[in-house]
Amino acid sequence: MNEVRNIIVGFELGERTSQICYYDRTEEEPVSLSVRAGQSQYAFPTCISKKPGEEIYHYGVEAEYFAAHQDEILIDRLYERCLSREKVQVEDQLTEPARLAAVFLGQALGMLGANNLLKNISGIMVTVPRLNKALVDNLKEAFQILKFPAGRCFLQNYDESFYYYTISQKPEFWSRKVGLFTLESDEAAFRHLEIDRQSKPAAALVKAGKRAALDTSWENRDVDFCRLIQESFGNDIYSGVFLVGDGFDKEWAVRSIPLLCKNQRHVFYGNNLYCKGACYGAKEKVEGRLVKDLSYQGEDIVTAMLGMEMLVSGVHSYYPLVEPGIHWYEAKKEFEILLEDTMELVFLAGEPKSPRLQRYSMALPGLPKRPPRATRLKIRLEFESLNHIHIQVTDLGLGELYPASGCVWNETLVQ
Amino acid sequence: MIGYRLCQTKKAKNPYFIENISTNVFTMEELCFYMSQNLYLLDDTILNGRLIQWLKDELGLAALSRKLKKLLEEKASMAEVILPIMKEIQYLNQAEQKQLQQNLKQMEEQPLLVRRKRKGDYLVEYHKYGNALKVYGEVLKDTDESAMDVSFKGNVLHNMGCAYARLFQMEEAVACFEKAYDLLHSQLALKSYLTAVYLLGSREDFLAKARELKADPATVSSLEQEIAAASSLKEEEAVTDEMLAAMTEEYHKNTGW
């Protein structure tokens, strides 16, 4: 590895396999790390193994080997396990998914071969097929266990990695729509990236497309794939196409390849697009925008805004709590207010361009009656998913003048 | 009207102790609330160098701290000292600020003894009976020397009696109420006096005193019912160890003993 300091890492945590790459500043691109020196095998199984009765673990290929030959306990499906909070039975005890993820991430990051990873990694982006609150919390906790500072660990889904990988290529590659075919053993799926250049900044969006089963015979497989290409492209112009997954082989794609390359379209095949896209994503987080005036508007990005009307420095203002354009799992807010003469909270939500904002009232039953400005409330907002915002309100009273009642109210706002 | 305001200044790790009411404050909002509600309690036990240092060290309000230091050195009026504190977090709107200035002006125009009595009254409201008695005692001392009218002195004695009663020092309470009644001859003073006699002694003492003072039988009868009702309420409340501990703590806090 050429980098020793300020290392930027992309980590694909896949369903079956995972990968690691780092950003090579000399090459000006991410470089994948091979599982075996001198070979181009980048993917390793998303699993760990544990030596019975001892706190000794292995990961990836080694884990499979030790489980098969040394009777170690195999803990596989780590990505899937992290999508839930359910503890995993390992030997005679239940272990949190976050703890298992920490073992896996910690061991896999050893592939970087760098000294003092905590000090020398300036940003790490983990990319996953899809994410939910449990996964976000589990991975956050895993990095906490590894003692990584929170501000250096990021998370994004495959779509966003596809976006970052694409916009890191030459602009002519993504001057029009960009297609992505994922080919697994017997199924192919299509997604595409399109950029609305009318809006300011230009808005990039990844949309899911058709899926098709692929026949096992080579000839029919080619026919099935050709049909999917035609149906997916329709009459739209695609300036570039990516093919990922191990279900593709140029041996059978004799008609598909010319169809993909039609009109001098750029076509790439590989299996490290998501990992490298994650690395570019980490680079943007650490070093700033890769492409100016372009913003990603994927399914994990908050589009609505949420705020409250209140006195800010004595002036009647709209106080924004959540602003559009950030990932729901990164959108958090904690603040304190002083009640004047009300016993309820009103939140205002809506799309940025909509003329009217929707009002959501939150009652505070049981709040002690106190004089105006003698009730301080702590309000904490956290997203449970893109459309569900959890609001927690805690009564703080007014110090020792009006002691806190201990009342806590929880509500989920559905947008 | 907007229902809430954003709290923007940080919370102190180490609170500022307000001596008068034996209470800690941690934020500007608490300090402003206390000041705006208790003008009569604002004296040099709160507006002093310790406050200035606290604002700077704990809340990071260096500019305000400098300003207040200068004002205190120049022996500025209370309004001049308080308003910059309120303005720091825009605690008051224009109308409230105007009202506060008026109240401060009114207060500053009042005779010193009246202001001190009000201070005692505020302390009683905060259950700081020990401090209140100290203030009332000083007022009475100065009242004797000045030609202050009897009703003022009577009111001070009455309130002093109330403070003693709250501390269960019934002998002192009876003595104060007796003097207050002598000066005021009001219905309220009579009721307080007779109630204290009842609580110190017995129903018989209460009735004897009522006869001695030639109290109206209807008043005596209704007062007796009130005392009986209050006593039965007390009996219904079972005092737990926890309540007793809280009451003991409160007692020590309020008396400073």
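Here is how names work: the chains are called A, B, and so on, in the same order as the sequence lines, proteins then strands, and each is numbered from 1. None of these values were measured; they are calculated from a predicted model.
- For NZ of B/Lys87, the number of neighbouring non-hydrogen atoms (other residues, nucleotides, ligands) closer than 6.0 Å is 12 at most.
- Atom NZ of B/Lys69 sits in a sparse spot, with 12 or fewer heavy atoms from other residues, nucleotides or ligands closer than 6.0 Å.
- In this structure, A/Glu340 pairs ionically with B/Arg5, as a charged nitrogen and a carboxylate oxygen lie closer than 4.0 Å.
- Under a cut-off of 6.0 angstrom, the local environment of CZ in A/Arg99 is sparse, with at most 12 non-hydrogen atoms contributed by other residues, nucleotides or ligands.
- The contact between A/Glu336 and chain B is made by backbone and side chain atoms together, counting heavy-atom distances below 4.5 Å.
- Against chain B, no residue from residues 292-306 of chain A qualifies, as none has a non-hydrogen atom under 4.5 angstrom away.
- A heavy-atom distance below 4.5 Å is found between the side chains of B/Thr27 and A/Arg376.
- Heavy atoms of A/Ile379 lying under 4.5 Å from chain B are absent altogether.
- For A/Lys140, the NZ atom sits in a packed shell: over 12 heavy atoms of surrounding residues, nucleotides or ligands are nearer than 6.0 Å.
- To the nearest 0.5 angstrom, B/Gln8 atom CD is 10.5 Å from A/Leu311 atom CG.
- Once rounded to the nearest 0.5 Å, the distance linking CZ of A/Arg373 with OH of B/Tyr91 reads 5.5 Å.
- With values rounded to the nearest 0.5 angstrom, B/Tyr4 atom OH is found 7.0 Å from A/Glu344 atom CD.
- Closest approach of A/Glu400 and B/Asn24 over heavy atoms only: OE1-N, 2.8 Å.
- Closest non-hydrogen pair, A/Leu338 versus B/Cys7, comes out as N-SG, 3.8 Å.
- Other residues, nucleotides and ligands place no more than 12 heavy atoms under 6.0 Å from the CD atom of B/Gln94.
- Remark: A/Arg5 CZ is loosely packed, at most 12 non-hydrogen atoms of other residues, nucleotides or ligands lying under 6.0 Å away.
- Contact residues of residues 313-323 of chain A toward chain B are A/Ser313, A/Gly314, A/His316, A/Tyr319 (heavy-atom distance under 4.5 Å).
- For B/Lys11, the part sitting under 4.5 Å from any heavy atom of chain A is the side chain, from C-beta outward, and nothing else.
- Scanning both residues, A/Pro372 and B/Phe33, for their nearest heavy atoms gives O-CE1, 3.6 Å.
- Only the side chain of A/Met308 comes within contact range of chain B, with heavy atoms under 4.5 Å apart.
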